[in-house]
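Here the structure is laid out as structure tokens; the discussion comes afterwards.
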Amino acid sequence: MGFSTDAIHAGQEPDPSTGAIITPIYQTSTYVQQSIAVHQGYEYARGENPTREAHEKNVATLEGARHGIAFGSGMAAIDAVVCILDAGEHFVMTENVYGGTMRLFARIRSRHGITFDAVSTKDLDAVRAVIRPETRMLYVETPTNPNLELTDLRAAADLCREHGLMLVVDNTFMTPFFQRPLELGADIVLHSSTKYLNGHSDMIGGIVLVTDDDLAERVRFVQYAAGAIPGPLDCWLVLRGTKTLAVRMERHDHNARILAERLAEHPAVRRTIYPGLPSHPQHELSKRQMSGFGGIITFDLGSREAARLTLEATRVFALAESLGGVESLISVPAEMTHASIPAADRQRLGITPGLVRISVGIEDVEDLWEDLEGALARVTAARPALG
Ligand SMILES: *Cc1c(COP(=O)(O)O)cnc(C)c1O
């Protein structure tokens, strides 16, 4: 089946008891058994829930995985993957990962004896240089947030195979509609389903996708034993969300390409970062490993004051953290999503005070441009004073 057909149907059969075309929200904690240990495969809802299973099968199909294992947040999904490592083991990760991911690894899991090195994974020699005998995993985010740097997934998978490492990819930004890491050789894909998979900014969730049965069993055990499961309503919301994933992603991408080109030409903008622009240093790699460029654009206005003038002036773009919803959002990573990163590291990663990130929604693109252009006009007017 094609992607859109799977998005709408995979994991979902008409409800066996009523024929309801939409999978019900099985809002239950336990299941009645016919006799001791005689039941229909459902015992207790931390372990099994039909709405969750439908959501897990649905996203697994879209990623080309055999197993989906859902969690109560993207962070819980990421933590479950780290939890399959043992104390004393080591992993390598993209240095510019999602801020919460860095916080989890650096401030919690490293206290439990799981160590890591953070390097720029766009340079695989930098990865090679920190691999040790205890290294088990390479954890990659591509493109990164907010600088949209890519890691060559096929080359990373080859490197991992050579050294016996698992390749884990956070595919939140691209979704399986534009990027399928398992097909490029990754072992584990994960998402914050809060973002594009759900797409409507009305729940928090995460999911891990795996093909290897043994690996899936290990992550499934963490889900059951540690218990960071999503509730059935949230699973149902993502099930509804993925039905429109294909049309939403096409529109996010369409709108973002137009806005990126116009931002790149705008005199108030110093630099526009978008993988779809030929000026992106990894534009060729983007075309090779992604089938679209997504809905996130980052641009540099040169100063905090210029960023403030812009963020306070937009009306359609809402000033908020997060991304991937139908509505457009605008933020300043240095003081919002990436505020927990030490200032020196932010500087090194190029997350400067004037850097603005937008999550381009699926509104009418001309309304979005008019909104941005109006806000940027304030920067142009103030430029002599801003320097
Ligand atoms: C939001 C996000 C996360 C964390 O997910 P939550 O659902 O907020 O817990 C992880 N990775 C990326 C790339 C994200 O954007």
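Every value quoted in this text rests on a predicted model; they were computed, and no experiment measured them. Atoms within a ligand are numbered from 1 in the order they appear, just like the ligands themselves. Numbers here are sequence positions counted from 1.
Within a 6.0 Å sphere centred on CD of E321, other residues, nucleotides and ligands contribute more than 12 heavy atoms. Few gaps surround CD on E134; more than 12 heavy atoms of other groups in view lie less than 6.0 Å from it. By the neighbour-count criterion of 12 heavy atoms within 6.0 Å, atom CD of E327 is densely surrounded, having more than that number from other residues, nucleotides or ligands.
Note on ring orientation: taking the six-membered ring where Trp is involved, the planes of F177 and F3 are perpendicular (angle over 60°, cut-offs 30° and 60°).
Considering backbone and side-chain atoms alike, I78 places every N or O at 3.5 Å or more from each N or O of ligand 1. Residue T194 has at least one nitrogen or oxygen atom sitting less than 3.5 Å from a nitrogen or oxygen atom of ligand 1, judged on distance alone. On a distance-only criterion, T101 and ligand 1 share no N/O pair closer than 3.5 Å. Residue I204 has no N or O atom closer than 3.5 Å to an N or O atom of ligand 1.
Using a distance-only test at 3.5 Å, with no hydrogens or angles considered, no donor-acceptor pair links the side chain of T51 to the main chain of L233.
Considering only non-hydrogen protein atoms, atom 2 (C) of ligand 1 sits nearest to K195 NZ, 2.5 Å. With respect to atom 12 (C) of ligand 1, the closest heavy atom belonging to the protein is D170 OD2, 3.4 Å. With hydrogens left out, the protein atom closest to atom 4 (C) of ligand 1 is Y98 CE2, 3.4 Å, a heavy atom.
H252 has its ring centre no less than 6.0 Å from the ring centre of F293. Aromatic ring centres of F178 and F173 lie farther apart than the 6.0 Å criterion allows.
Shown in contact with T172 at under 4.0 Å from a heavy atom are these atoms of ligand 1, numbered in order with element: 12 (C), 13 (C), 15 (O). Interface atoms of ligand 1 facing M75, defined by a heavy-atom separation under 4.0 Å, are 4 (C), 5 (O), 6 (P), 9 (O). Atoms of ligand 1 lying under 4.0 Å from at least one heavy atom of S192, given by number and element, are 1 (C), 2 (C), 3 (C), 4 (C), 5 (O), 6 (P), 7 (O). Shown in contact with G74 at under 4.0 Å from a heavy atom are these atoms of ligand 1, numbered in order with element: 5 (O), 6 (P), 7 (O), 9 (O).
Residue contact check for ligand 1: N145 places no non-hydrogen atom closer than 4.0 Å to it. Ligand 1 has G205 within reach: a non-hydrogen atom of the residue lies less than 4.0 Å from it.
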Test salt bridge (Lys or Arg N to Asp or Glu O under 4.0 Å) applied to E284 and K287, step by step: CA-CA 5 Å; E284 290 308 314; K287 287 197 284 190; 3.5 Å; yes
Criterion salt bridge (Lys or Arg N to Asp or Glu O under 4.0 Å) on E305 and R308, from CA distance to verdict: CA-CA 5 Å; E305 186 55 13; R308 186 185 67 79; 2.6 Å; yes
